[in-house]
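Just so it is clear, the model here is predicted, and its values are computed rather than measured.
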Amino acid sequence: MRKLMFFLLMELTIGCVWAADQVTLTAEAPDVVVSGDQFRLSFTVNSQKGKDFRLPSIKGFEVLMGPSRSVSSRTYIDNGKVSSSSSVTFTYILMAGEAGTYTVPAASIEMDNEKVFSNALTIKVLPKDQADEGSRPATGNVSRSQSAGGRIAANDFFFTTTASKTRVHEQEALLLTYKVYTTLDLRQLLGNISDLKGFHSQEIDLPTQKEWRLEHYKGRNYKTIVWRQFVLFPQQTGKLEIPSVEFEGIIAQRVQTSDDPFDAFFNGGGVVEVKKKIQTPKVTIQVDPLPAKPAGFSGAVGQFTLTSSISAKEVKTNDAVTLKLAIAGSGNLKLIGTPDVKFPEDFEVYDPKVSNNFKVTSAGVNGSKNIEYLVIPRHAGDFTIPPVEFTYFDVQANAYKTLKTEAYAVKVNKGQGNAGQVIADFTSKENVKVIGQDIRFIKMGETSYSRKGDFFFGTAAYWAAYLVPFLLFAAVVIVCRKQAKENVNIARVKTKKANKVAARRMKVAAKLLADNQKNEFYDEVLKALWGYISDKLNMPVSQLSKDNIEAELTGHGVSAELIQEFIRALNECEFARYAPGDQNEAMDKVYAASVEVISKMENSIKRN
């Protein structure tokens with residue numbers, strides 16, 4: 001037994017090592033080339049032990065060079081374990097012949113007396129541009145050099161807008177594709193597609209990193225890319241127009257920096273970016289109405305299947321039963337309604353749970369709509385859930401079709417406990433819990449009665465309903481009249497608000513102090529001091545000076561000491577702004593003195 005286990009382990013280990021060291025031969029080449037272009041065809045084997053590499057004859061291409069052999073190796077560390085790998089690449093330089101689609105057959109290499117074959121390749125050869133007939137381009141690059149200020153022709157950069165169908169029925173899906181064609185060095189494309197009126201649209205997710213491909217279009221070879229794709233569902237009949245959209249392309253153009261052809265050849269030219277605006281073509285879709293709609297039609301258009309299942313066919317009263325429906329297929333799945341299920345009257349039915357599993361591709365919207373109905377049988381007996389019907393319009397058959405599920409016979413046995421109201425948490429587990437009672441018992445005991453209409457009339461609450469609104473109205477009138485009278489005296493209003501305005505400015509000064517912004521801090525403190533006195537004395541700041549401040553404050557009964565303290569605060573603020581030394585200490589001192597003198601001044605003027 002031990003020997004058998006040993007040999008099994010050895011065989012498993014050898015198999016794993018062989019799988020890890022399995023030799024592969026991989027062929028690589030462009031998918032599309034232009035007639036007369038040169039390109040590389042390479043074959044890479046992940047071992048240096050191979051020999052006798054062979055490539056069968058290739059039709060449609062001329063072999064200009066090869067095979068050239070190159071060896072590469074690398075060493076890497078994975079979790080402290082040092083590993084190494086090596087490979088050999090055989091490269092051919094081919095030139096494409098006549099236009100068409102050709103197959104490069106599998107190559108082979110001998111490895112340990114066994115042949116290893118590569119994958120075959122399919123290469124499409126495009127015809128030359130009509131303007132290039134008779135000449136052979138040096139490379140397969142379609143981008144043409146564009147001199148700065150040169151005119152960009154309409155056929156050098158444009159959009160196409162194509163619809164998979166231009167005549168459809170209402171709610172029938174069609175594919176809308178926006179595609180870019182260019183022969184230039186397009187660096188960036190700006191623009192957005194607005195909502196398409198008259199259609200319900202669902203965009204197809206395209207790769208973020210878009211890959212340019214070669215395509216022969218109207219006698220020229222272009223770099224092309226699918227920019228945006230939508231699956232559209234017409235929501236109304238008649239002629240619907242897909243409007244034109246404006247895009248702005250940023251194109252790189254070469255600038256020749258010297259008139260000397262040798263200097264331009266060796267040093268090259270600069271590149272500038274030029275903006276070019278283009279518009280997508282308009283597309284008109286003819287939308288035909290659906291034929292006369294049968295009863296029970298829920299608006300589904302496409303091709304669908306209907307399946308159903310039930311959680312149990314024999315339950316007890318107040319046990320949960322779940323009926324599941326699945327509508328699958330291709331069409332306007334997101335827009336179709338929920339099928340109507342006729343449950344027995346003895347079943348308590350809750351709102352269905354709907355879950356969607358859609359995938360939007362160029363083939364349309366495919367997937368399924370899953371619907372779960374939760375019901376609670378309240379009484380014992382034998383019941384039948386009739387078949388569920390689902391009617392849709394088949395676009396291929398151009399006719400309505402009706403799908404039916406099977407009928408379900410449910411046997412309900414009498415359960416224990418009362419017939420309480422049950423609610424589900426509506427998960428797949430179908431758990432339920434009792435939250436109340438269906439039947440309330442008759443109230444027992446003594447009960448007081450009152451005559452109809454006598455319970456409110458004549459009570460204190462009745463009279464308060466009249467008196468309280470009147471009192472509130474009177475209070476509001478008195479307060480508003482008092483406020484209006486005070487606002488007439490503008491000088492008095494400014495005087496009352498002087499302290500609030502100064503406080504706001506000192507708050508700003510405190511923030512500037514914390515940010516160590518010296519000049520802004522002193523400006524804000526001076527504004528607070530001068531503005532406060534201006535509002536209190538009802539005098540413009542332009543008419544104020546330190547001399548008339550002293551006279552005016554004396555007339556308002558302010559003490560001489562407080563007046564001198566206020567003027568000293570003004571002087572310290574102006575002096576500290578330009579004084580050398582520790583500015584942080586000076587700013588703190590000015591701020592504290594200003595706050596204190598404004599507070600004292602407010603209290604002194606109020607008392608007088």
* To do: Test side chain to side chain contact (heavy atoms under 4.5 Å, CB included) on Val341 and Leu325 and set out the steps.
  => CA-CA 10 Å; Val341 183; Leu325 301 178; 4.2 Å; yes
* Walk me through it: do Arg568 and Val597 pass the test side chain to side chain contact (heavy atoms under 4.5 Å, CB included)? => CA-CA 10 Å; Arg568 189 164 51 252; Val597 75; over 6 Å; no
* To do: Any chance you could lay out the side chain to side chain contact (heavy atoms under 4.5 Å, CB included) test for Ile242 and Leu232, step after step, and finish with the verdict?
  => CA-CA 11 Å; Ile242 298 172; Leu232 304 182; 4.0 Å; yes
* **Stepwise side chain to side chain contact (heavy atoms under 4.5 Å, CB included) test for Leu186 and Trp212** => CA-CA 11 Å; Leu186 180 62; Trp212 292 96; 3.8 Å; yes
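No side-chain donor-acceptor contact under 3.5 Å links Glu372 to the backbone of Asn370. No donor-acceptor distance shorter than 3.5 angstrom exists from the side chain of Thr183 to the backbone of Tyr222, with no hydrogens or angles considered. Looking at Ser534, its side chain never comes within 3.5 Å of a backbone N or O of Trp530 through a donor-acceptor pair.
Contacts of Glu520 classified as side chain to side chain contact (heavy atoms under 4.5 Å, CB included), with partners at least two apart in sequence or in another chain: Leu512, Gln517. The side chain to side chain donor-acceptor pair (under 3.5 Å) test applied to Ser599 returns no partner, not counting sequence neighbours. Partners of Asn155 by side chain to side chain donor-acceptor pair (under 3.5 Å), not counting sequence neighbours, listed by chain and number: Arg220. Looking at residues two or more places apart in sequence or on another chain, you find a side chain to side chain contact (heavy atoms under 4.5 Å, CB included) between Arg187 and Asp185, Ala252, Val271, Glu273. In this view, Glu565 and Lys600 satisfy the salt bridge (Lys or Arg N to Asp or Glu O under 4.0 Å) rule, not counting sequence neighbours. With sequence neighbours excluded, the residues that form a salt bridge (Lys or Arg N to Asp or Glu O under 4.0 Å) with Glu172 are Lys165. By the salt bridge (Lys or Arg N to Asp or Glu O under 4.0 Å) test, Arg228 pairs with Glu203, sequence neighbours left out. Remark: Ser164 engages no residue in a side chain to side chain donor-acceptor pair (under 3.5 Å) (not counting sequence neighbours). Take Leu206 and apply the side chain to side chain contact (heavy atoms under 4.5 Å, CB included) test, not counting sequence neighbours, and it matches Ile204, Lys210, Val226, Gln229. A search for salt bridge (Lys or Arg N to Asp or Glu O under 4.0 Å) contacts involving Asp588 returns nothing, not counting sequence neighbours. Under the side chain to side chain donor-acceptor pair (under 3.5 Å) criterion, Tyr181 pairs with Glu215, sequence neighbours left out.
Taking 4.5 Å as the limit, every side-chain heavy atom of Leu323 sits out of range of all side-chain heavy atoms of Val375. A 4.5 Å side-chain heavy-atom check between Phe566 and Val558 finds every atom pair outside the cut-off. Counting heavy atoms from C-beta outward, Thr162 and Lys179 have side chains that stay 4.5 Å or more apart. Within the 4.5 Å cutoff, no side-chain heavy atoms of Asn332 are placed close to those of Val365. Counting only heavy atoms from C-beta outward, the side chains of Asn516 and Phe521 never approach each other to under 4.5 Å. When side chains are defined from C-beta on, Asn318 counts as touching Arg378, because their heavy atoms get closer than 4.5 Å. Looking at Phe199 and Leu176, their side chains never come closer than 4.5 Å, going by heavy atoms from C-beta outward. Counting only heavy atoms from C-beta outward, the side chains of Ser362 and Thr177 never approach each other to under 4.5 Å.
Of all heavy-atom pairs between Ala363 and Ser330, the closest is O-OG, 4.2 Å. Between Leu374 and Ala320, the shortest heavy-atom distance links the atoms CD1-CB, 3.8 Å. Heavy-atom minimum distance, Ser368 versus Phe358: O-CE2, 3.3 Å. Heavy-atom minimum distance, Tyr178 versus Leu196: OH-CD2, 4.4 Å. Of all the heavy atoms in Gly531 and Arg505, the pair that sits closest is CA-NH1, 3.7 Å. Val525 and Ala509 make their closest contact through CG2-CB, 3.9 Å (heavy atoms, listed as atom of the first residue, atom of the second, distance).
Here CD of Glu524 is found 11.0 Å from CG of Leu529. Values are rounded to the nearest 0.5 Å. For the atom pair Leu174 CG and Ser201 OG, the distance stands at 11.0 Å (nearest 0.5 Å). Remark: Tyr591 OH to Leu513 CG distance equals 7.5 Å, nearest 0.5 Å. With rounding to the nearest 0.5 angstrom, the CD1 atom of Ile371 is 8.5 Å from the CG atom of Asn356. From Cys573, atom SG reaches atom CE of Met587 across 10.0 Å, with rounding to the nearest 0.5 Å. Note: Gln171 CD to Gln236 CD = 11.0 Å, rounded to the nearest 0.5 Å.
Aromatic ring pairs are classed by plane angle as parallel below 30°, tilted from 30° to 60° and perpendicular above 60°; the pair Phe247 and Phe159 is parallel.
Screening Leu184, Leu189, Asp156, Thr182 for a side-chain contact (heavy atoms from CB on, under 4.5 Å) with Ile251, the sole residue that qualifies is Leu184.
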List the atom pairs, donor and acceptor, that lie under 3.5 Å between side-chain atoms in residues 275-285 and the rest of the protein, sequence neighbours left out.
from	atom 1	to	atom 2	distance (Å)
Thr280	OG1	Val245	N	2.8
Thr280	OG1	Val245	O	3.4

